[in-house]
2 protein chains.
Amino acid sequence: MLISELSRRSGVPIATIKYYLREGLLPPGEATAATRAEYDDLHLGRLRLIRALVEVGNLPLAAIRRILGAVDNEDLDVHGLLGTAQYALGPKVDPPEDEEWQETSDQVDAFLADLGWRVTSFAPARKMLTQALVTLRRLGMPAGADQLRPYAGAAETLAREEIGRIDTSAPRSALVEGVVVGTVLYEPVLIALCRLAQEHQSALRFAPPRS
Amino acid sequence: MLISELSRRSGVPIATIKYYLREGLLPPGEATAATRAEYDDLHLGRLRLIRALVEVGNLPLAAIRRILGAVDNEDLDVHGLLGTAQYALGPKVDPPEDEEWQETSDQVDAFLADLGWRVTSFAPARKMLTQALVTLRRLGMPAGADQLRPYAGAAETLAREEIGRIDTSAPRSALVEGVVVGTVLYEPVLIALCRLAQEHQSALRFAPPRS
DNA sequence: AATATTAGAGAGTGTAGCTATCCAGTCAAG
DNA sequence: CTTGACTGGATAGCTACACTCTCTAATATT
């Protein structure tokens with residue numbers, strides 16, 4: 001398949017495909033002549049994956065490149081892949097290591113230890129959580145373990161579900177893609193449902209009942 | 001307080017504060033002379049709120065402007081405010097209304113109707129959910145009502161919690177700020193906890209037990 | 001009087017993600 | 001064998017965003 005067909009079948013403009021090739025997100029096609037190259041279904045799948053991560057996951061291309069690198073790294077197991085995917089997602093901020101931050105960070109550590117969760121000390125989600133809590137407190141909102149617990153409970157239930165859904169007997173290529181897609185694309189699903197649920201609950205409490 | 005003190009107390013550079021003033025995110029200070037203006041604690045609070053929405057919520061300034069407009073609109077009730085906040089958050093994509101999209105959109109409607117959730121037909125989270133599902137399916141992942149249900153259950157529990165936490169006896173200014181902050185800033189908390197839970201579950205299943 | 005600071009406005013910066021234009025080489029149709 | 005559409009590859013340009021810098025005239029502090 002030539003680039004025009006790849007473009008037609010994926011819905012991605014040729015210029016953008018060329019850009020992804022330049023950026024190393026998409027492996028080059030097999031050159032058959034100086035101005036000719038063949039692409040196959042693997043390219044098509046990869047392209048669809050990239051677009052999914054861009055459009056739904058809102059990931060910057062640099063993060064996608066890291067994730068794809070992990071997908072292509074045969075030496076990485078599922079757990080390692082998941083770590084890489086999460087690391088690529090993680091917040092890009094490195095906050096000031098002041099006292100307020102340190103204190104909250106310690107509380108996060110204590111909270112996770114209390115839950116018995118096994119997470120690495122450098123997991124970006126730790127920073128993400130710490131930053132959110134610091135900010136909430138600075139705004140005068142309550143943000144202690146009591147507020148966190150229901151969220152942690154929900155998170156644990158869903159994580160068990162997701163990890164349980166992984167079919168380890170599938171071929172590696174399908175497996176890793178499933179893990180990445182699941183990690184990145186189920187987040188918007190959860191967020192969307194949370195917002196819808198919030199609107200519903202708000203309607204129940206604050207809006208006049210339907211006529 | 002002069003702009004330099006506002007800057008010092010908020011940690012936001014003077015140039016950035018001026019930029020926010022120009023962009024209408026921050027109301028102008030009270031001018032005491034041609035080159036002098038006084039700012040007060042309201043400005044400081046507003047500035048902190050803006051930074052929270054930027055840094056933790058990752059909202060574009062245009063969305064923040066809309067949210068602040070809703071906060072300042074005395075005619076808006078809590079339910080309306082929440083709607084505005086969610087609308088400002090919503091995805092910026094307007095997807096191609098092709099057959100695949102329409103079909104999934106109908107399934108989303110059916111799913112929400114089945115849950116008995118009262119949400120407006122134009123809620124941006126509907127689009128967000130539809131897009132995520134379309135994308136998941138295009139990648140060959142299962143994304144039907146069975147997969148959605150656990151997420152919906154968790155979302156409902158958390159939403160009830162959040163809406164229940166709102167103290168309607170508080171003064172309006174505190175109330176609306178609480179709603180906005182809760183809506184926007186608890187999302188990162190949930191996401192972070194989901195990722196941490198996922199890492200933990202993945203470790204339980206795939207990683208060798210701790211020595 | 002000398003120095004620093006201020007408000008306000010415009011222009012400039014850097015990053016991200018494309019998009020447009022060129023060019024020489026290639027292919028299929030007539 | 002010519003014509004015209006298309007190709008890979010390289011380069012430059014574009015738009016949006018969130019600042020950041022520079023300038024000016026007016027003020028304040030010492």
Side-chain angles (χ1 to χ4, degrees), chain A residues 1-40 43 46-68 88-89 91-94, chain B residues 1-40 43 46-68 88-89 91-94:
Chain A
M1 153 182 20
L2 292 174
I3 203 173
S4 54
E5 192 180 349
L6 186 61
S7 166
R8 198 176 39 72
R9 289 224 270 164
S10 64
V12 179
I14 290 180
T16 305
I17 296 177
K18 286 183 175 184
Y19 171 65
Y20 290 164
L21 287 166
R22 274 202 303 284
E23 293 292 305
L25 294 175
L26 208 53
E30 195 178 345
T32 60
T35 63
R36 209 120 285 225
E38 270 291 311
Y39 302 91
D40 56 24
H43 289 94
R46 177 57 58 99
L47 195 47
R48 280 205 254 257
L49 178 58
I50 294 171
R51 293 308 295 179
L53 298 180
V54 166
E55 289 171 4
V56 182
N58 270 316
L59 298 192
L61 296 191
I64 296 177
R65 188 169 21 233
R66 283 196 294 276
I67 290 179
L68 295 179
L89 287 170
K92 43 252 166 194
V93 291
D94 42 354
Chain B
M1 110 184 66
L2 291 174
I3 202 173
S4 54
E5 192 180 349
L6 186 61
S7 167
R8 197 176 41 70
R9 289 225 271 162
S10 64
V12 179
I14 291 180
T16 304
I17 296 176
K18 287 184 175 185
Y19 170 65
Y20 291 164
L21 287 166
R22 274 205 300 284
E23 293 293 305
L25 294 174
L26 208 55
E30 195 178 346
T32 59
T35 64
R36 210 118 286 227
E38 271 290 311
Y39 302 92
D40 55 25
H43 289 94
R46 178 55 60 98
L47 194 47
R48 279 205 254 257
L49 178 57
I50 293 170
R51 294 308 296 179
L53 299 180
V54 165
E55 288 170 5
V56 183
N58 268 314
L59 298 192
L61 297 190
I64 296 177
R65 187 169 22 230
R66 282 195 295 276
I67 290 178
L68 295 179
L89 288 169
K92 44 250 166 195
V93 291
D94 42 353

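Lettering of chains follows the sequences in order, A, B, ..., and the numbering in each one begins at 1. Worth saying up front: this structure is predicted, and the values here are computed from it rather than measured.
Between the CD1 atom of Ile17(B) and the C1' atom of dT6(C) there is a distance of 13 Å, rounded to whole Å. Rounded to a whole Å, the CG atom of Leu61(A) is 12 Å from the C1' atom of dT15(C). Between Leu21(B) atom CG and dC19(D) atom P there is a gap of 13 Å when expressed in whole angstrom units. Going from atom NE2 of His43(A) over to atom C1' of dG8(D) covers 13 Å, rounded to whole Å. In this structure, CD of Glu30(A) is placed 13 Å from P of dG8(D), rounded to the nearest angstrom. The nearest whole Å value for the distance from the OH atom in Tyr20(B) to the P atom in dA18(D) is 8 Å. Taking atom CG of residue Asn58(A) and atom P of nucleotide dC17(D), one finds them 14 Å apart after rounding to whole Å. dC19(D) atom C1' lies 15 Å from atom CD1 of Ile14(B), rounded to whole Å.
Judged by distance alone with a 3.5 Å cut-off, no donor-acceptor contact links the side chain of Arg22(A) to the base of dG8(D). The base of dA7(C) sits with one of its N or O atoms less than 3.5 Å from a complementary donor or acceptor on the side chain of Lys18(B).
With dA18(D), dG17(C), dT6(C) as the choices, the nucleotide that has an atom nearest any side-chain atom of Ser4(B) turns out to be dT6(C). For Thr35(A), the listed nucleotide lying nearest its side chain is dA24(C); candidates were dT27(D), dA24(C), dT20(D). Relative to the side chain of Ala34(A), the nucleotides dT5(C), dC18(C), dG25(C) differ in distance, and dG25(C) lies closest. The nucleotide whose nearest atom lies closest to any side-chain atom of Ala37(A) is, among dT6(C), dG8(D), dA7(C), dG8(D). Out of dT7(D), dT5(C), dT19(C), the shortest distance to the side chain of Pro13(A) is found at dT19(C). Of the candidates dA18(D), dT7(D), dA7(C), the closest approach to any side-chain atom of Ile3(B) belongs to dA7(C). If you check dC27(C), dT20(D), dG17(C) against the side chain of Arg36(A), the one that comes closest is dC27(C).
Residues His43(B) and Leu26(B) share a closest heavy-atom pair of O-CD1, 3.8 Å.
Regarding contacts with the backbone of dA18(D), every side-chain N or O of Thr16(B) stays at 4.0 angstrom or more from both OP1 and OP2. Distances shown here put every side-chain N or O of Tyr19(B) at or beyond 4.0 Å from the OP1 or OP2 atom of dT13(C).
Atom CD of Glu38(B) is surrounded by more than 12 heavy atoms from other residues, nucleotides or ligands within 6.0 Å.
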**Report entry** Trace of the side-chain contact (heavy atoms from CB on, under 4.5 Å) decision for Tyr20(A) with Ile64(A)
**Finding:** CA-CA 11 Å; Tyr20(A) 290 164; Ile64(A) 296 177; over 6 Å; no
Could you go through the side-chain contact (heavy atoms from CB on, under 4.5 Å) check for Thr16(A) and Arg51(A) one step at a time?
CA-CA 11 Å; Thr16(A) 305; Arg51(A) 293 308 295 179; 4.2 Å; yes
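Looking at Arg65(A), its side chain does come within 3.5 Å of a backbone N or O of Glu23(A) through a donor-acceptor pair.
Residue-level contact check: Arg51(B) touches the backbone only, with heavy atoms under 4.0 Å from sugar-phosphate atoms and none from bases. Among the protein residues, Pro28(A) comes within range of no part of the nucleic acid, since none of its heavy atoms lies under 4.0 Å from any strand. Across all strands, Ala33(B) comes closer than 4.0 Å only to sugar-phosphate atoms, never to a base (heavy-atom distances).
Comparing Met1(A) and Ala15(B) against DNA chain D, the residue whose closest nucleotide sits nearer the 5' end is Met1(A).
A distance of 8.5 Å separates CD of Glu30(A) from CG of Asp40(A), quoted to the nearest 0.5 Å.
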